[in-house]
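Taking it in order: structure first as structure tokens, then the write-up.
Sequence lines set the chain letters: A, B, ... in the order given, protein chains first and strands last, and positions in each chain run from 1.
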Amino acid sequence: MKIATFNVNGINGRLPVLLRWLAEAAPDIVCLQELKTPAAKFPAAALADAGYQAVCLGQPRWNGVAILSRAGTIHETQRGLPHDPDPTQSRYLEAAIGGVIIAALYLPNGNPRPGPRFDYKLTWFEALIARAQFLMNSDAPVVLAGDFNVMPTDRDVYKPERWIEDALFAPEVRAAFARLIAQGWTDALRHVHPDATLYTFWDYLRDAYARDAGLRIDHLLLSPALVARLSAAGVDRHVRGWDKASDHAPTWIVLDDA
DNA sequence: ATGGCGGCAATGTGCCGA
């Protein structure tokens with residue numbers, strides 16, 4: 001089973017790129033972020049034509065997450081993050097598919113730091129940690145997938161010294177990510193590629209992609225039972241080079257059958 | 001320090017992203 005996460009940065013403007021990548025990569029389950037569209041304008045028919053059923057949590061203009069599946073029926077288990085400090089922001093959707101719980105999340109950016117946006121990021125992170133503990137306690141196989149807006153370590157940033165004060169790399173944020181991991185989650189990409197330089201985002205500005213000035217902020221975290229089933233992981237970074245690309249690249253794992 | 005790019009809702013331009 002191939003499971004991917006992709007921040008599309010506008011699902012309607014990105015639809016040709018998304019469909020092209022779905023046809024090429026053939027993932028079974030996909031978590032999408034930054035739909036930037038209300039549910040009424042979610043392109044469900046085009047995705048169904050491509051073979052994917054979908055659940056979506058939309059919102060006009062900003063945020064928005066969805067889960068696509070061609071692997072089995074989507075049984076939604078949670079819509080919105082419990083205790084989200086601002087429930088008007090659509091950032092969390094969770095479903096059971098083929099015996100695995102899939103959580104699609106879009107953690108707040110948090111800039112500028114300090115400020116109310118950064119405070120919201122930290123509060124949202126705490127609510128995520130609480131939900132993740134609940135899922136961990138359930139002993140179900142779980143994948144937490146999405147745009148975490150956190151580079152976990154120095155090797156996940158092209159120039160770490162320039163990002164210390166940024167909300168994506170600040171000590172408090174990395175500490176929160178480390179506490180989440182300490183519940184027992186495995187960072188799948190890093191597990192498969194312990195020493196590789198892996199990025200999932202390149203800014204539109206300053207030729208970031210051409211310079212490979214990237215960040216690794218899109219992650220798939222596995223509950224303990226899934227680690228033994230993890231057989232491959234990667235970033236489809238070439239998709240970032242396509243015309244009308246998102247600033248993120250699709251990131252994926254393959255799990256062997258149970 | 002600033003602004004560069006890009007999507008969206010909207011037609012002016014501002015907000016947001018990371």
The ring-ring contact (aromatic ring centres under 6.0 Å, His included) partners of A:H219 (sequence neighbours excluded) come to A:F148, A:F177
Rounding to the closest angstrom, what is the interatomic distance between [N] and [M] at atom [atom1]?
| N | M | atom1 | result |
| --- | --- | --- | --- |
| B:dT13 | B:dT2 | P | 22 Å |
| B:dA10 | B:dC16 | C1' | 15 Å |
| B:dT11 | B:dG7 | C1' | 15 Å |
| B:dG12 | B:dA1 | P | 36 Å |

Reckon [X] touches a base, only the sugar-phosphate, or nothing at all at heavy-atom distances under 4.0 Å?
| X | result |
| --- | --- |
| A:F148 | nothing |
| A:N63 | nothing |
| A:R113 | nothing |
| A:P112 | nothing |
| A:D218 | nothing |

Round to the nearest Å and state the distance from [X] atom [atom1] to [N] atom [atom2].
| X | N | atom1 | atom2 | answer |
| --- | --- | --- | --- | --- |
| A:N12 | B:dC8 | CG | C1' | 10 Å |
| A:R240 | B:dC5 | CZ | P | 13 Å |
| A:I11 | B:dG6 | CD1 | C1' | 17 Å |
| A:W62 | B:dG14 | CH2 | P | 14 Å |
| A:L107 | B:dC16 | CG | C1' | 16 Å |
| A:Y106 | B:dC16 | OH | P | 11 Å |
| A:L35 | B:dA9 | CG | C1' | 16 Å |
| A:F118 | B:dC16 | CZ | P | 18 Å |

Counterpart residues, salt bridge (charged side-chain N to carboxylate O under 4.0 Å, His left out), relative to [X] (two or more places apart):
| X | answer |
| --- | --- |
| A:R179 | A:E126 |
| A:D84 | none |
| A:R211 | none |

For B:dG14, does OP1 or OP2 lie under 4.0 Å from any side-chain N or O of A:R61? no
Distance below 4.0 Å between A:R14 side-chain N/O and B:dG6 OP1 or OP2: no
Quick one: do the A:Q59 and A:T88 side chains pair a donor with an acceptor below 3.5 Å? no
For A:K121, side chain to side chain donor-acceptor pair (under 3.5 Å) partners two or more places apart: none
Contact check, residues 200-215 of chain A vs DNA chain B, heavy-atom distance under 4.0 Å, returns A:F201, A:Y204, A:L205, A:R206, A:L215
Within the side chain of A:R229, is there an N or O that forms a donor-acceptor pair under 3.5 Å with the backbone of A:D256? yes
In terms of heavy-atom contacts, does NE2 of A:H83 have more than 12 from other residues, nucleotides or ligands at under 6.0 Å? no
Side chain of A:R91 - closest among B:dG17, B:dA9, B:dG6: B:dG17
Output the single nucleotide from B:dG17, B:dG6, B:dA9 whose closest atom is nearest the side chain of A:K36. B:dG6
If each of A:P60 and A:Q89 is mapped to the nucleotide of DNA chain B with the nearest heavy atom, which maps nearer the 5' terminus, i.e. the 5' end? A:P60
Which is more 5' along DNA chain B, the nucleotide nearest A:P38 or the one nearest A:D247? Just name the residue. A:P38
